[in-house]
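What follows is a short report on a single structure.
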Amino acid sequence: MDSSEHGSSVSSTGVASGGTLPPGLAEEEAEEIQVELTKVEDEIQTLRQVLVAKERHAAELKRRLGISPLSEIKQNFTKGWHEVQCSDAYLTASATFEEIGRSDAYKRTQETLSQAGHMTSAAFSSVGSAIRNQFGEMRNSPSFKSFEDKVENMKYKVMGRSNGESDHSPTSNNAPF
């Protein structure tokens, strides 16, 4: 495109659509700027096309080398983690945590929490033992035995005699409970 073609596009789509130019800008300057803008936009489009072609070429080279997107992510993550570990902020924080770990206050807190954990564990263990003992006592109670007999009798009435059962009631059998 030569400058005469751009000049005609300025007047049709123009810098000053609506017939007015920005203040302090002559029509000649507006046309020059429009031509320059068109050239820059063309260059941008060309660069985009080159970039897409380069990205395709890079993807093909990676494919030929056997580099998968997953291995790239893994490599990027490893590199990023290494950079984090080498950063001043990470090194400063690590040193601070080491100092805290060596402090008496931290050691006392750790011991207290450990003791609290042991005490909590013991408490839960005793609660569990108490519940187990209560269930054992309940199971041996006359009312539970009566309930167990009623369930066995109900089972006998509903199920009837199965193969090999004698004519005596199921309550005389040793119940699994």
Do the non-hydrogen side-chain atoms of [X] and [Y] ever get within less than 4.5 Å of each other?
{"X": "Q75", "Y": "K79", "value": "no"}
{"X": "E36", "Y": "E32", "value": "no"}
{"X": "Y90", "Y": "S94", "value": "yes"}
{"X": "Q45", "Y": "R48", "value": "yes"}
{"X": "H57", "Y": "K54", "value": "no"}

Working to the nearest 0.5 angstrom, can you tell me the gap between [X] [atom1] and [Y] [atom2]?
{"X": "R132", "Y": "S126", "atom1": "CZ", "atom2": "OG", "result": "10.5 Å"}
{"X": "I44", "Y": "L37", "atom1": "CD1", "atom2": "CG", "result": "8.5 Å"}
{"X": "L51", "Y": "R56", "atom1": "CG", "atom2": "CZ", "result": "10.5 Å"}
{"X": "L65", "Y": "R63", "atom1": "CG", "atom2": "CZ", "result": "10.0 Å"}
{"X": "T38", "Y": "Q34", "atom1": "OG1", "atom2": "CD", "result": "4.5 Å"}
{"X": "I73", "Y": "T78", "atom1": "CD1", "atom2": "OG1", "result": "11.5 Å"}

Minimum heavy-atom separation for [X] to [Y], with atom names?
{"X": "L91", "Y": "C86", "result": "CD1-O, 3.8 Å"}
{"X": "K145", "Y": "R139", "result": "CE-O, 3.8 Å"}
{"X": "A26", "Y": "L21", "result": "C-CD1, 3.6 Å"}
{"X": "L25", "Y": "E29", "result": "CD1-CB, 3.5 Å"}

Item to check | Polar side-chain atom of S71 near backbone of I67 as donor-acceptor pair, under 3.5 Å | outcome: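 Not a single qualifying donor-acceptor pair exists.
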
Checklist entry - Between S125 (side chain) and S121 (backbone), is there a donor-acceptor pair under 3.5 Å? => result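 Pair absent, no side-chain N/O of S125 close to backbone of S121.
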
With clusters defined by side-chain heavy atoms of hydrophobic residues (ILVMFWY) lying less than 4.5 Å apart, directly or transitively, does [Y] cluster with [X]?
{"X": "F124", "Y": "F135", "value": "no"}
{"X": "V40", "Y": "V35", "value": "no"}
{"X": "V151", "Y": "Y156", "value": "no"}

Decide if atom [atom1] of [X] counts as having more than 12 heavy atoms of other residues, nucleotides or ligands within a radius under 6.0 Å.
{"X": "D88", "atom1": "CG", "value": "no"}
{"X": "M119", "atom1": "CE", "value": "no"}
{"X": "E60", "atom1": "CD", "value": "yes"}

Checklist entry - Checking side-chain contact (heavy atoms from CB on, under 4.5 Å) for the pair S114/Q110: CA distance, chi angles, key distance, verdict? => result CA-CA 6 Å; S114 177; Q110 185 180 24; 5.6 Å; no

Checklist entry - Do E137 and Q134 pass the side-chain contact (heavy atoms from CB on, under 4.5 Å) test, and can you show the C-alpha distance, the side-chain angles, and the key distance before you say yes or no? => result CA-CA 5 Å; E137 289 174 16; Q134 284 294 75; 3.1 Å; yes

